[in-house]
Amino acid sequence: MIIQIILLVGLVIFAGLAILAKDLLKAALSLAVASLFLGIIFFRLSAPYAGVFEISVVAGLITVLFALTISLTRKNDQVQEARLVKIAFPLFFILFLIIDGLVMKSLLLKVPALPAGPEAGTFGQVLWKQRTFDLIAQIGVILAGVLAVLALFRKKEEDKDE
Amino acid sequence: MSNLWFLYLFFSALLIFIGIYCLLTMRNLIKLFIAIEIISKGVSLALVATGAVQHTILLAQSLVITYIVVEVSLVATALALIINIYKKNKSLDVRLLSKLKG
Amino acid sequence: MKVETISLLTIFIPILGSLLVPLAGIISPRLRSIWSVLIGGLTAALPLTLIPQALKGGEIIFSKSLALGLDFILVIDPLSIFMSIVSSFIGFLIIIYSLGYMHHDENQNEYYLMVIMFIGSMMGLVYSANLVFIYLFWEIIAIACWRLIGFYRQKDYVLKADKAFLMTFGGAVVMLLGFIIIYGQTGTFNLVAMRGVAIPGSAVLLILFGMFSKSATVPLHTWLPDAGVAPTTVTALLHAAVLVKIGVYAYARLFLYTFKIPEGWQQAIILMAVISSLVAAGAATVENDFKRILAYSTISQIGYIFLGLSIANPTAISGGLLYILMHGLAKAGLFLCAGIVIHSTHKRDIREMGGLIKTMPITAISFLICAFSVIGLPPLGGFFSKLLVILGTVQANQVWVAALALFTAVLTMFYLMRVFALVFLGDLKISAPEKTTSMVGVVSVLAVLSILAGLFIAYPMKLVQMATTQISWWLK
Amino acid sequence: MTAMTLLWPIIFPAAVAILFFLIPTRVRFVREVLAVISSTVLLYLGFALFSLKELSLTTNWLGMGINFDLRLYHFSAFILLALSGFLFLICLYSTVKMKDHPRVREYYGYVFLAAAFSNGAVLSNNFILLIFFWEALLITTYALVTIGLKPTSHRTAVKSLIIGGFCDFSMILGIGLLWASTGTLTMNQVHVEPHGLAVAAFILMMIGAIGKAGAMPFHTWIPDAALDAPVTFMAFMPASFEKLLGIYLLARISLDFFQLKVGSSMAMVLMIIGAATIVLAVFMALIQKDFKKLLSFHAISQVGYMILGIGTAIPIGIAGGIFHMINHAMYKTGLFLSSGSVEHRAGTTELKKLGGLAREMPWTAFGFSVCALAISGVWPLNGFVSKEMVFHGALETGYPIFAIAAWVGAIFTFASFLKAGHSVFFGPRSTEIPKTKESEAPIVLPILILAALCITFGVYNKLPLQNFIQPILSGQAEAQGSLDLTTHALNLFNPVAGVSILCLIIALGIHFYGWNRGGKKAYLASEPIHQLIGLKQLYNLSEARFFDLYEQGVKFLQWLARILFQFIDRPIDFIYEKVITAIGRSLTGLLQKAHNGQYANYLAWTIGGLLVVIWIILQLLR
Amino acid sequence: MVFSFIVIPLLVAAIMPLLGKISKKLIPDVLTNAALAFLLLNSILLIKPIFNQGSIIQNISWMGEKVNLQIALDSFNLFMLFTISLVSLAISLFSIDYLEHYGHKANFYALLLVMIAGMNGLVLVPDLFSIYLFLEVAAVASYALVAFGLGYDELEASFKYLMLSAVASAFALLSITIIFGMTSSLNFQDVARGLQDLSARYVIGVCLAFFIMGFGLKAALVPFHAWLPDAHPSAPAPISAMLSGLLIKVSGVYALFRIIYSVIGMTPVMSQVLMALGTISMVVAAFLALGQKDIKRMLAYSSISQVGYIVLGLAIGTPLGIAGGLFHLFNHAVAKGLLFLNSGSIQHITGTRNLEELGGLGKRVPLTAGTNLVGSLSIAGVPPLAGFWSKLVIIMALIQAKQMGYALIAILASILTLWYYLLIQRRAFFGQMNEKWSHIKEAPFWMSAANVILALICILVGIFFTPVFKTWISPAAEALARGVQQVMMWGI
């Protein structure tokens, strides 16, 4: 149980680092490590497929995309972040920590939940049988993403600029 | 059983807070998008945790996988947008993006 | 032909006919004017065939049910027949007049479309006995008004048109809220079913907003003088004949025919009516723009009609209804004379005109006759209506109100004579010939009608008598 | 002689009037002949109806108690006869006087239209019908005054219209009050005790009557009309028709409708107005430089006598008042017609320019002098008889002040006519006007007829008193037995007659004193009075129209209109034009500034909105 | 058959880029319009079965064996389908000419079809998580479409739109997970049954707050509206018409009220909160629209204001209120779609959207002016046109529910609405002819055709509002008003 908590704390720390880091590459890397932690947590929650996906896709693919974008916008991306913001972050964080703790403790016993029966079937069945609609939606999303990128990167000279 | 659930919800709330704090204060476009990523991590954590706690883990996993796919396409579109904005503005500062006013 | 079909024809011929006007306009302007005169004439002729039905008294209800209690109901009783005759007849005269007046203006297609649509929806409003359809025709008229006032398309003219549209639409929408409050209370929009129902003060206040904005009574009147920027035929149509009569008709139809309004409100309306006519008369004395003076005088005369109807005893009601006819004729005459004068001298300020009686004798004389009818001097029709309203007011022992109304009558006499003297007498500044014979013809017809209405008062009075007894059967 | 004949005196003149409008101006001779013939027909009709005594016609007209009913009884028959008589004389007179007037076509039309309306007013027995004909006269008066074609004649026409309108509107209010209190509109059924609301009704009806008759506060248009309107109009309306109608109505009000009590408050009001009119008008008349203006002021002052007479509420006084009405109509028309013939020949009515016309215009001079003596109340003539009756009535009321006022009036009336007669006819021949000869017969004849009537009504006063005035008073309940008016009518040997003769002598003295001081020039005879310290300023003020109710009224109306316009109409418009648009614009501006395009700002709203919604929901759920 | 609503657009969208290579212009146009026409026809054909059966649950079999793929169709989402297909057909007709100068038609049509597929999916699916998914599909497609012009404004607007709705949908998903946690199922029926037994007022309240924020931002209610005034004006005209006309209604209003009515059940608290939100956005947006210089930005604010009306209508809770809200949703979709297409033709004719430069176009381009007038008066609620009836029903419902205050504010807001629509008329069409535009000619055929079709719909619905109301609106309102019981009885 303790390990779970340690992993969760690690996840939160690296997420914090991701937004505080001055250099973008460092931020992207800490983001990747954070998603690594998350993957491990998923494994421990006996959600292996989710963990694999998390690590491979989120830690891998998205981080690569980030790195690509950062390199493309390397030349003059020095945007001075306000220093005050960086300093104030821990304060707000601790404050939120306390509020969040209180809210979660007060809601602890209140939220009733229906006792769910043991889950039948394998993951494949669940994915394919019960959630087939989501698959169609996924096709839609992927198609939308691809078309979006195509549209956004279409060559300029064909259409006169507005 | 359900207090475990709130532990995970506690941590995902923390992640979401970090994301929103970054969105509200940071100025770099990519930093902002990283914040969005952090928020979606928090949400996927909550999703899986709920599944685990309620013994509907298989269903939760399929949900998370779909969610990640959605997230990928969102990242693709957003980064394409950011690159285009960069080509136009030659800068990643979000404060420059305030021409449409009133 | 059954009475219902006649009244349905009176409503739908002009509305559908107006849609064909642009088509006729594209083919040839001549065809368009023939078409509009034909439609106008037909609309004027049809209600006349209903007079025997009106003289029989009683009412015929025609209803066709639609969704949600919004069914299309027509009530054909002496009041609606009387109103439809008055408005369609004067509207028809104005169409003939505008053939000459608008001869060389552009976008005449839209003009005739809107005028005939205006008269058509006025017919619809007059016959309909469902609150929502009264509102529906009320707003179609507002649209037609907006397009007509902004006819000349100059920047500030359109501004004035928008102002008029917004004020009348605002008042009407608030009135609609009043209607719906009544709907909330009684569960139906059907006036015939709701006869004798007492309605709360709040509904009365809201409905009054609509009526006062449409009939330009003081608090909501400022759009009417500004609407003087429209061509004179439109101002004639608006001020004299039709538009301002809507609010007054709605008052008669709602607060006399159907609902019982709380006592305090009746007294309040009486006071507002008198104050409005006094203030408007005052403003008319000070103004110098020809059409603005006549507009303010309309507001003042409308105050009288409201006074008559709100006193709600048979003498006052018949006085009020008669007033609608007499004022319609006389004020249309005044406006159309103003139209001839402005059309030939291209001046709006009366101080720049003078001595026009030498070049325009007929216009001058008809202006004088119509002015006398508005003032209420005997041989002319106006006298009887003003007399009955005053007598009714005194009968309802509102002596001070009657005294104030008479004082306003003296003020009316003063400013109308001032206008006549400044425009037609004195030395001739601009020698302007009397423009087209059709315009002068219409004006003299209106003047003669005022005289005949005065001399043969018994016939219109009979019709008005039937309408009054029909309205106020439960008042006693 | 069925009831329908009652319609004749209204429809026949109206039809003739329309005929006149149709005859084109070029056709000369036909118009004059038609006028004379139709007026004789009307005169005959008057006599025929007078002999009928009682006739009435009732038909439904507008419902609600308003029906078209006419009623002929001795009083209205007598007035009808008088009206047709004067119409005949004036038509005869104007055949020549108005021959080459540019708007002669409309003149005759309006004259006959006015005759129709006045006959209608006299005959009508329903208040609404009465007010219908009564107010219709406004338009004919307005039109006839504009026929004067002087530059200011339209202004005077409007003045007469507005004053007449004001009086008639107050009369409508009075009728309304009467209708409300008695419930019926037929005039012969209305008998009301004058207290509470009825007093207001009486006052308002009285304003209507004296407004038409031309008594004090509402008289100001008559002197202006004297110069602006044609002289035939002056003879026609202010001199005869309006006086007859006005006093007819006043008499009916105080006799039929309200039964005035002696010394009651309303009677006092009438007497005060009468006395004031006599004195003030006669003082104004005295100093006039123009012959017609002098006569017009006298027309106003003589009305005072009639009102005073009726105001006394004593049978002798009322009879005097009514008798004075008919007498005054006769000699005043005569005087106006003679001034018209002088103007016809001499071309001007300026007293300064005229002088010594008696030799060239003997008949006019004779007619003028008879009528002048009559108006001043010289012994054998009708003026004397009716004035004596009024004096008796005034004394019997117990308030001598009114009688004194009447006498003062008599003095100055005689003084001013001495001045007028002396300067126009009898003084030295003036050099400014060329040699003239007597006016044509149709002009002189009416003057002579009127003079003859003055004499006959004076000497054989039993004739008018017995069959005209007596029946009117017979209705009076408290008339003591057989009212022997006529017995002491002409006897001189009583104190009242003595005082009036004394007044005449004083007037002679004043005239000759003024004549001498003015260096033998008759028209300056009134100068000493004019220059008196107190009076001088008053005269200058009244010349400047300060006392003119109409001018002050117009100023008040304009001031009120400006107030209403500036302080009620414009602010309302200001609210719509400026205030609402300004509010709208400022609110929009505020909200627009909030949208500054920053992403962080929008996200903050979203999160803020979420927290607020959560907080509200939790509050509402608790 | 019902499933085709999602599959056909996706299929056509998938093959569109390939076809795009073959013929730049013709095939994409024809294919898209044919697909959308088919969908419209399909939705009309479904009225009969829905009318008598009440609702259809279709389990689709995939290559033989049964797949647990439930599509629930009752008159409410049929009404939504009909609105979507009708307006999107008109928009695609419009974009035949409009996209001449954009060139890359295939890509545009593909994205458009994906968006329509997303919306249809969202409307049809009876599952909470799938609603979120299809919402994302439509959203991603709309981000790309808003930025389609690749100009500076487009990119800025699209970026802000993306970032805001990403946060919003994250919150929506959070509340879905919490409900999933409580009822351990995502299907409407099971969740509805589960929530009936649970007594967790506060947690559901918080979940609903998250839903209001998530879907409220999609529906552009006032505190969450900020992205819309930037996104709609800069998007190409057909897309801003699609966004304003359909997307904010489907992914915002439909999703929110479907969940509230059919899953959780409307409570008085919810009704008060939503009515307040609706009224605030109605008034604030109306004032904002007054001060605008750019036509499309003014129309965008007017959309926010009219959505306020719809939310106010639906939030009353009585069947009449819901009917009013839905009727206004339909009228606004048609009329606002028309107005945005119209602004597109103005831009195509004159090249500018700034009201200051425009003037008196009425003379030269009567068709565009006429259709704009019809659209504006319909939204302003001026009688003979459709908008009036829906506002009337809303106010009737408000009065019946004893909400005098809201009714009065609704009335005053409609005066404001007319004020700024008259502003457009005065500046653009009705006033004096600006000499710069003396030689402009009417918009191309397809653009005017689309305008005229939508204008005719406005007029005809206005005149024959009873048949429209009886066949479309009141069954949909009944379906929604029965709320949770309706969902429970699906398919039985």
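Lettering follows sequence order; numbering is per chain, from 1. All values below come from the heavy atoms of this structure, side chains included, with hydrogens, waters and symmetry mates left out.
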Begin from the C-alpha positions of Asp230(E) and Lys160(E) and carry the test salt bridge (charged side-chain N to carboxylate O under 4.0 Å, His left out) through to its verdict.
CA-CA 8 Å; Asp230(E) 302 344; Lys160(E) 276 193 250 179; 3.3 Å; yes
For each of Met270(E), Met213(E), Glu156(E), tally heavy-atom pairs with chain D at distances under 4.5 Å, and name the one with the top tally.
Met213(E)
Residue part contacting chain D, namely of [X], when any heavy atom lies under 4.5 Å:
{"X": "Ile212(E)", "value": "side chain"}
{"X": "Val167(E)", "value": "side chain"}
{"X": "Val284(E)", "value": "both"}
{"X": "Phe171(E)", "value": "side chain"}
{"X": "Leu217(E)", "value": "side chain"}

Is it the case that the side chains of [Y] and [X] hold a donor-acceptor pair, with the cut-off being a distance below 3.5 Å and no angle test?
{"X": "Ser244(E)", "Y": "His232(E)", "answer": "yes"}
{"X": "Ser142(E)", "Y": "Tyr161(E)", "answer": "yes"}
{"X": "Thr186(D)", "Y": "Thr184(D)", "answer": "yes"}
{"X": "Asp548(D)", "Y": "Thr220(D)", "answer": "yes"}
{"X": "Asn67(D)", "Y": "Asn126(D)", "answer": "yes"}
{"X": "Tyr421(E)", "Y": "Ser302(E)", "answer": "yes"}
{"X": "Tyr143(E)", "Y": "Ser165(E)", "answer": "yes"}

Please state whether the side chain, the backbone, both or neither of [X] comes within less than 4.5 Å of a heavy atom of chain E.
{"X": "Ile616(D)", "result": "side chain"}
{"X": "Ser586(D)", "result": "neither"}
{"X": "Ile614(D)", "result": "both"}
{"X": "Ile580(D)", "result": "both"}

Looking at [options], which one has more heavy-atom pairs under 4.5 Å with chain E than the rest?
{"options": "Ala594(D), Gly589(D), Gly608(D), Gly597(D)", "value": "Gly597(D)"}
{"options": "Ile607(D), Leu621(D), Val613(D)", "value": "Leu621(D)"}
{"options": "Leu610(D), Leu620(D), Leu591(D)", "value": "Leu610(D)"}

Examine Phe21(D) together with Tyr110(D) and report whether their ring centres are nearer than 6.0 Å.
yes
